[in-house]
Amino acid sequence: MQIYNTMSRKKEELIPRVPGEISMYVCGPTVYNYFHIGNARPFVVFDTMRRYLEHRGYTVKFIQNFTDIDDKLIRKANEEGVTVPEIADRYIKEYYTDADALGVERATCNPRATEHVEQIVRLVQTLIDKGHAYATENGDVYFSVRSFPGYGKLSGQSIDDLESGARIDPTEQKHDPLDFALWKGAKPGEPAWPTPWGAGRPGWHIECSAMSMELLGPTFDIHAGGQDLIFPHHENEIAQSEAATGQPFARYWMHNGYINVDNQKMSKSLGNFRLVREIAQEFDLEAVRLFLLGTHYRNPVNFSRELVEQSETALARIRTARERLAEAPIGDTPEADAAFMQAVDGHRAAFYAAMDDDLNTADALGAFFDYIRALNTFVSEPHGKAALDKAAKFFDDVTSVFGILQHKKEEELPAEALALLNERAEARKAKNWARADEIREALKALGFAVEDSKDGAKLKRL
RNA sequence: GGCGCCAUAGCCAAGCGGUAAGGCAGAGGUCUGCAAAACCUUAAUCCCCGGUUCGAUUCCGGGUGGCGCCUCCA
């Protein structure tokens, strides 16, 4: 499989450090609110990456952190008069609600920063000992950017160019404008942990270094996140980690593109944030997931209601095809079966080729719809069970990699609707079309569409 | 100023040296009591101007128009 490595700015063959195993770290949410559609993209994209790698036989260690201590959490806790851990616990729970609905599989581990303070302190101490970091009078600790020669290698920036744009907040006691906080000295009323250089709390960048090293070792395969994290977050992670261990940090860097809303960047001032929680009230989040996977992950995506509606229709097409397959008539047609099974192999190869090319889910989706058209034709006539089973296997492989059609909602149909459906069948038998159409309208009012076929009518929830 | 991305049918979106996948919407048809679903048919001077090449949407240069990072926002 080829993946685009932000570090080299090229597609590279993905060769795991340990054969058969992939170690992956994805930057997770800061848990001070429900997450928005922009946050959702990396969750969905890298979950799909993980699902695909597992499908292809890799064992994947998939780590996604929760940032559960930072300025935003502290502010929120103060606003509500509750503790920081209460805020964190609440929004971690809400994270799982939305992530589950988006079909995001649970990570191998979701480490929390506050549960790794010991490792963070140790890492900061190492950096101080090695001369890469310094503590200031007010208890902050900064990383000395100029002590790490490779600084800028991920973002393609030179230190001097960065220097000219950097500013120092007058309250900070940095030696150099580029230096960034590893540790923040305690302020009154804020959560703090004791350290050799004074009480305080972790800076943001250091937590990812500490937790990835703790769980995956000093060098691991893939580090992923949104493009906006390239600088400074990921650049800083590299500097801290490699300065501390003397070993390469992540081997491949993957970054997803942005999501705009109605062609504009989401921002507080524009008031156009779209929380996944709100979107869920209007749409099946599987449609949102399909929408996100319809564009290559490195390209920007524009989010709008209209576009998700299009994805909803497309998702319905996939669902319908799967249902038709499940109910396909059985017959004895060895020649047609053999030809179709060979065609399935071709479709599978096309799907893999797309996914192997830097996780091109948009292309893979195209291959899947090609398959669906062939399948819909195939199941309109009776065919052998072996061929249908093979067709189902490929179908389910694709949907499980895409993470769609996963919630199996075999809901009970209301008795009222079933009674109406029976009555309509009687009316149709009697060729009382007026009554049949009347009942169809009544069912529509109940939220069901009627689809007639040779073997009777079916109800579909609208 | 430094680093970088994008421009393909009405709307999305792949492809990226040999005259363009797929989805949604639209039109016509098959099927149906009528529908729905499904299937068939149907749509593109690939932003502009140069250059390289036998050949460019695809590579290079220059425009134009969008956009991002450099402000602990995925």
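What you see is a predicted model, and the numbers here were worked out from it, not measured in a lab. Here is the naming used below: chain letters follow the sequence lines, and residue numbers restart at 1 for every chain.
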Practice problem: Just call it for A/N376: base, sugar-phosphate, or nothing, with non-hydrogen atoms closer than 4.0 Å on any strand. | Solution: sugar-phosphate
Quiz item: Between A/P300 and A/F369, which has a closest nucleotide on RNA chain B that is more 5'?
Solution: A/P300
Quiz item: NA contact type, A/I259, heavy-atom cut-off 4.0 Å: base, sugar-phosphate, or nothing?
Solution: base
Self-check item: Touch class at under 4.0 angstrom, heavy-atom based, for A/S380 against every strand present
Solution: nothing
Quiz item: Are OP1 or OP2 of B/C69 and a side-chain N or O of A/K265 less than 4.0 angstrom apart?
Solution: yes
Practice problem: Would you indicate what A/D70 reaches in the nucleic acid, counting non-hydrogen atoms under 4.0 angstrom: base, sugar-phosphate, or nothing? | Solution: nothing
Self-check item: Pi-cation contact, A/Y32 with A/R75 (under 6.0 Å, within 45°)
Solution: no
Exercise. Sort out the partner of B/C46 for me: Watson-Crick or G-U wobble, both distances under 3.5 Å, none otherwise.
Key: none
Exercise. Starting at atom CD1 of A/I372, determine the distance to atom P of B/C40, rounded to an integer number of angstrom.
Key: 13 Å
Practice problem: Calculate the interatomic distance between A/L365 atom CG and B/C12 atom C1'; express it in whole Å. | Solution: 12 Å
Quiz item: Within this structure, what is the NZ-to-C1' distance between A/K153 and B/C3, rounded to whole angstrom?
Solution: 17 Å
Quiz item: The side chain of A/N39 lies closest to which of these nucleotides: B/C73, B/A13, B/C3?
Solution: B/C73
Exercise. Could you check which of B/G23, B/C69, B/A36 has an atom nearest any side-chain atom of A/R317?
Key: B/G23
Quiz prompt | C1' spacing across the pair B/A37 / B/U32, given as an integer number of angstrom | solution = 11 Å
Exercise. Using a 4.0 Å heavy-atom cut-off across all strands, classify A/A314 as base, sugar-phosphate, or nothing.
Key: sugar-phosphate
Exercise. Quick one: look up who B/A13 pairs with, Watson-Crick or G-U, both distances under 3.5 Å, and put none if it's unpaired.
Key: none
Self-check item: A/F394-A/H347 aromatic ring centre distance below 6.0 Å
Solution: no
Quiz item: Across the strands shown, which category fits A/D370 at heavy-atom distances under 4.0 angstrom: base, sugar-phosphate, nothing?
Solution: sugar-phosphate
Quiz item: Does a distance-only test, which skips hydrogens and angles, find a donor-acceptor pair under 3.5 Å between the side chain of A/D437 and the base of B/G33?
Solution: yes
Quiz prompt | A/Y95/A/Y34 aromatic ring centres below 6.0 Å | solution = no
Exercise. Write down the distance separating the P atoms in B/A9 and B/G4, rounded off to the nearest Å.
Key: 28 Å
Exercise. Please answer whether B/G33 and A/W433 are stacked, defined here as ring centres separated by less than 5.5 Å and planes angled under 30°.
Key: yes
Self-check item: Any-strand Watson-Crick or G-U partner of B/G33, both distances under 3.5 Å
Solution: none
Exercise. Check every atom of B/A14, B/A35, B/A37 against the side chain of A/D452 and return the nucleotide holding the closest atom.
Key: B/A35
Quiz prompt | Ring centers of A/F43, A/F35 separated by less than 6.0 Å | solution = yes
Quiz item: Under the salt bridge (charged side-chain N to carboxylate O under 4.0 Å, His left out) criterion, do A/E286 and A/R289 qualify, and how do the steps go?
Solution: CA-CA 5 Å; A/E286 283 202 340; A/R289 183 170 175 117; over 6 Å; no
Quiz item: Does any non-hydrogen side-chain atom of A/F180 lie less than 4.5 Å from one of A/H205?
Solution: yes
Exercise. Quick one: label A/R373 by what it contacts on the DNA or RNA (base, sugar-phosphate, nothing), any heavy atom closer than 4.0 Å.
Key: sugar-phosphate
Quiz item: Would you say B/A36 has OP1 or OP2 under 4.0 Å from some side-chain N or O of A/K444?
Solution: no
Exercise. Measure from the side chain of A/Q310, starting at C-beta and using heavy atoms only, and say which of B/A37, B/C3, B/G23 lies closest.
Key: B/G23
Quiz item: Does OP1 or OP2 of B/C67 have a side-chain N or O of A/N299 closer than 4.0 Å?
Solution: no
Quiz item: Base, sugar-phosphate, or nothing: which does A/L229 touch, judged by heavy atoms less than 4.0 Å apart?
Solution: sugar-phosphate
Quiz item: For A/V450, which contact category applies under a 4.0 Å heavy-atom criterion: base, sugar-phosphate, or nothing?
Solution: base
Quiz prompt | Span that lies between the P atom of B/A25 and that of B/U53, in whole angstrom | solution = 47 Å
Practice problem: Using both distances under 3.5 Å as the test, list the Watson-Crick or G-U wobble partner of B/C59, or none. | Solution: B/G51
Quiz item: Which part of the nucleic acid, if any, lies within contact of A/R428, taking any heavy atom under 4.0 Å across all strands shown: a base, the sugar-phosphate backbone alone, or nothing?
Solution: base
Self-check item: Nearest-angstrom distance, P atom, B/C47 to B/C11
Solution: 14 Å
Quiz item: Does any non-hydrogen side-chain atom of A/T48 lie less than 4.5 Å from one of A/T361?
Solution: yes
Quiz item: Are A/T136 and A/V141 close enough that some pair of their side-chain heavy atoms sits under 4.5 Å apart?
Solution: no
Quiz item: Of all the choices, B/A35, B/A38, B/A14, which nucleotide is nearest to the side chain of A/H296 once you look at every atom?
Solution: B/A14
Exercise. Answer whether the closest heavy-atom distance between the side chains of A/Q406 and A/T399 falls below 4.5 Å.
Key: yes
Quiz prompt | Pair listing, salt bridge (charged side-chain N to carboxylate O under 4.0 Å, His left out) test, anchored in residues 303-314 of chain A, at least two apart | solution = A/E282-A/R305
Exercise. Could you please name the option among B/C12, B/G23, B/G15 that lies closest to any side-chain atom of A/L307?
Key: B/C12
Quiz prompt | Spacing between A/E441 atom CD and B/C34 atom C1', to the nearest angstrom | solution = 12 Å
Quiz item: Which part of the nucleic acid, if any, lies within reach of A/G226 when heavy atoms closer than 4.0 Å are counted: base, sugar-phosphate only, or nothing?
Solution: sugar-phosphate
Self-check item: Residue A/Y258, side-chain atoms from C-beta onward, closest of B/C70, B/A74, B/A36
Solution: B/A74
Self-check item: Pair assignment for B/A21, Watson-Crick or G-U wobble, requiring both distances under 3.5 Å
Solution: none
Exercise. For B/G22 versus B/G15, give the span between their P atoms, rounded off to a whole number of Å.
Key: 15 Å
Practice problem: Pick base, sugar-phosphate or nothing for A/G257, based on heavy-atom distances below 4.0 Å to the nucleic acid. | Solution: base
Quiz item: With a 4.0 Å cut-off on heavy atoms, is A/G38 in touch with a base, just the backbone sugar-phosphate, or nothing at all?
Solution: base
Quiz item: When we call it a touch if two heavy atoms are under 4.0 Å apart, what does A/R424 touch: a base, just sugar-phosphate, or nothing?
Solution: base
Exercise. Could you tell me the separation between the CD atom of A/E451 and the P atom of B/A37, rounded to a whole number of Å?
Key: 7 Å
Exercise. Could you tell me the separation between the CG atom of A/L275 and the P atom of B/C73, rounded to a whole number of Å?
Key: 16 Å
Practice problem: Take atom NE2 of A/H233 and atom C1' of B/C70, then tell me their distance rounded to the nearest Å. | Solution: 16 Å
Quiz item: When you compare B/C46 with B/G28, how far apart are their C1' atoms, in angstrom units rounded to a whole number?
Solution: 27 Å
Quiz item: B/A35 base to A/R440 side chain: any donor-acceptor pair below 3.5 Å?
Solution: yes
Quiz prompt | Nucleotide forming a Watson-Crick or wobble pair with B/A27, both distances under 3.5 Å | solution = B/U41
Quiz item: A/H205 NE2 to B/C73 C1': how many Å, rounded?
Solution: 13 Å
Quiz item: What integer number of Å spans the C1' atoms of B/U71 and B/G2?
Solution: 16 Å
Quiz prompt | Inter-nucleotide P distance (B/C31, B/A36), Å rounded | solution = 15 Å
Quiz prompt | Earlier contact from the 5' end, RNA chain B, for A/A367 and A/G225 | solution = A/A367
Quiz item: Paired with B/C3: which nucleotide, if any, by Watson-Crick or G-U wobble criteria at under 3.5 Å for both distances?
Solution: B/G68
